[in-house]
Asks: 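Quick one: the structure is below, and I'll ask about it shortly.
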Protein chains: 2
Amino acid sequence: MAVTIVHVAAKAGVSPSTVSRVISNDSRISQKTSRKVRKVMEELGYHPNTLAKSLVTKTTNNIGIVLPRPADELFQNQFFSEIIRGIVTKAASCGYDVLMTTGASPMEEVKAVERLVQGRNVDGIVLLSSHKDDTNISFLREKKFPFVLVGRSEDYSDITSVDNDNIAAAYSITRHLIQLGHRRIGFVSGPMELTVSKDRFDGYTKALLEAGIAIQDHYVFEGTFTPESAAHIADQLVKLEDRPTAVITIDDVLAFGIIRSLWNNGLRVPEDCSVVGFNNTSLAEMCLPQISTVDIGTYQMGQSTVQALIQHIKGDGFEQARIIIAHQLIWRDSVRPPEQS
Amino acid sequence: MAVTIVHVAAKAGVSPSTVSRVISNDSRISQKTSRKVRKVMEELGYHPNTLAKSLVTKTTNNIGIVLPRPADELFQNQFFSEIIRGIVTKAASCGYDVLMTTGASPMEEVKAVERLVQGRNVDGIVLLSSHKDDTNISFLREKKFPFVLVGRSEDYSDITSVDNDNIAAAYSITRHLIQLGHRRIGFVSGPMELTVSKDRFDGYTKALLEAGIAIQDHYVFEGTFTPESAAHIADQLVKLEDRPTAVITIDDVLAFGIIRSLWNNGLRVPEDCSVVGFNNTSLAEMCLPQISTVDIGTYQMGQSTVQALIQHIKGDGFEQARIIIAHQLIWRDSVRPPEQS
DNA sequence: ACCTGTTATGCAAAGGTTTGCACAAATATT
DNA sequence: AATATTTGTGCAAACCTTTGCATAACAGGT
């Protein structure tokens, strides 16, 4: 039915091998035949069958992604679409397509990865969501199959990962607030079992201690990414007699929630309290006051991930490495020096 | 290197054909051999080579998606991640993976689609972003290649598309506002060349006329999805002497921007003016007041898209159809009856 | 005219499955 | 007991490429 390389060969009066070599720009093919063959390809509307090609070259020019499950922390809308965009765009520009799969349960997810890898469907894999002691990781590592991990870099030393330095980012923010004159600085984290929560907290701690400021337990809150949680925390904040003059939150949503709830309690941001967010979502820019936040370079993370993965696949002089994407502090209206008191 | 079907066959003492039939649960295989073969497969850690299989069956169990370009309207974060999630989840549950590609330019995009189709890499295609007179559409249609269009349903009658009924949704909202007693109702659209803008406007118009209310040109605004645009429109709104008592916006972002800007001008929502959004993004729920909006069922659109596509691929009794996903009005704090005046 | 060295092309095997058809064995029918 | 039917398995071709090796053609040097 479909036009194959043999049809082209026949019509051009050459052998299939020659056509194949024309396609791959083999240097040994003469100008003349090359032109002739290309013309026929055009006429016949020939397109190589990728499957057959992959079968013999053992290479698919596909990279696989396992979609995080909805419950997963990584499925924060903003993060997800940005990183996918980074991945697909970079992949496309390198001649790769992206094969996405998912599993309803952790077990099915492992099955899916196995199928991708063993079925020779992809040349490499991006692990977007990963747990501690991830079965996927040990599997891929054992198979020596090229893969790159996004996030969680410090849990594994011998595999390639792309991450941002959450410790450094939180440290910079905290330092900046201190330099502005803040001494009572609150911290609102997400669930502490998330690495990002922990890391950002560590950065906060580090900056405080370095400045000779003691960590106050009652300035540290553990929340979830819901408005309710934010409201609850804000209520507690308001009740404090030695209320912080600035609050660092681990996500723009939290920052937004806190700002709103403080406001409900008659406190203004930034006049009465500065608030900083994280992740530079559109929310941060959209609301009033515009929220100071950290751009963690999600799009670029996607790009770098693919770049590393492709190097890994190609294998030329590739070494495992932790790749750290630079963050950028974005100062907006929600922060100012504390009132003199 | 890798273990193939012949290895399994040899070790199990049967022919490759038999192993193949065991895998596909062919009814003619006896219980005994089936068990024996499965055991060997397990022992050897055999996984079928998908490529080889696809080559002969001419079926890949992949569906293709062309990622919209960043500039594209469809790449609104919320919409994008939700629909992708719907698509990938449904696909996975039907045994399909999703192959994503993209093109930096429209021309490259067409190339990418051609490659996917002609290279026999996917069994069907989801067109997420489409323009009027889309080259991809005519190409796929001509090739008789299974595909489903998301959105833009009314531009084409003979192809399958999944969409929500924007006219009906806007109509319902408007009607509801009228029933609450509103007579002066504003409408804030996105760029009018977008079909969604036009459709939602039509629904608005229909409801008004039906209620015997004339369309007032100065109540209709054309904006973009930026806070600035919203602010600009709000300024105009405030200046009107016969200011609307309610405003319908075409997107939650716009609603949010309008609410904020009205507020800056000393007007309260919903006390001084009701505001309705669209798309039920997390923003609508998060801000104060919580915004009444329309859930257009994006996740479900993704699911239905895949379902239709797979039916199309399987081809059993399939007919082209426009599939309309039900919307749901979500009433929250930003709406109330108008002040008696 | 002969040999050497390039340069351009073809042959055939390999890659791992599926599947129509033929066949052998086992069971049922008379 | 002989034949018909069912059941289970194997053979070999087909799917479409790529690529190592062999070979043909041709040029240049003597």
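Below, chain A is the first sequence line, B the second, and so on; all start at residue 1.
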Asks: For the pair made of CG in A:Leu55 and C1' in D:dT17, what is the distance, rounded to whole Å?
Replies: 8 Å
Asks: Output one letter per nucleotide in nucleotides 9-14 of chain C: B when a protein non-hydrogen atom lies under 4.0 Å from the base, S when only the sugar-phosphate is that close, - when neither is.
Replies: BBBB--
Asks: Taking for each residue the nucleotide of DNA chain D with the nearest heavy atom, is it A:Ser24 or B:Ala52 whose nucleotide lies nearer the 5' end?
Replies: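 Nearer the 5' end of the strand: B:Ala52.
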Asks: Is a side-chain donor-acceptor pair under 3.5 Å present for B:Ser20 with B:Ser17?
Replies: no
Asks: Return the value, rounded to whole Å, for the distance between atom NE2 of A:His7 and atom P of D:dA14.
Replies: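 Rounded to the whole Å, the gap is 13 Å.
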Asks: Inspect the contact between B:Arg85 and B:Glu82 and indicate whether a charged nitrogen and a carboxylate oxygen are less than 4.0 angstrom apart.
Replies: yes
Asks: Would you please confirm or rule out a distance under 4.0 Å between OP1 or OP2 of D:dC16 and any side-chain N or O of A:Tyr46?
Replies: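 So the side chain of A:Tyr46 is outside the cut-off, no N or O lying under 4.0 Å from OP1 or OP2 of D:dC16.
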Asks: Quick one: do A:Glu43 and A:Lys39 make a salt bridge, cutoff under 4.0 Å?
Replies: yes
Asks: Check the distance between D:dC16's P and B:Asn49's CG and give it to me in whole angstrom.
Replies: 17 Å
Asks: Any donor-acceptor pair under 3.5 Å linking the side-chain atoms of A:Ser15 with those of A:Thr18?
Replies: yes
Asks: With the side chain of B:Lys58 defined as its heavy atoms from C-beta on, choose the nearest nucleotide among D:dT17, C:dG16, D:dC15.
Replies: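 Minimum distance to the B:Lys58 side chain belongs to D:dC15.
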Asks: Check this one for me: any side-chain N or O of A:Ser20 less than 4.0 Å away from OP1 or OP2 of D:dT17?
Replies: no
Asks: What's the CD1-C1' distance between B:Ile23 and C:dT17, to the nearest Å?
Replies: 9 Å
Asks: Just the rounded figure in Å: distance from P of D:dT9 to CD of B:Gln31.
Replies: 11 Å
Asks: Can you name the one residue among A:Leu149, A:Ile84, A:Val150 that meets side-chain contact (heavy atoms from CB on, under 4.5 Å) with A:Val126?
Replies: A:Val150
Asks: Could I get the full list of side-chain hydrogen bond (donor to acceptor under 3.5 Å, both in side chains) partners for B:Gln307, not counting sequence neighbours?
Replies: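 Per chain and number, B:Gln307 pairs via side-chain hydrogen bond (donor to acceptor under 3.5 Å, both in side chains) with no residue.
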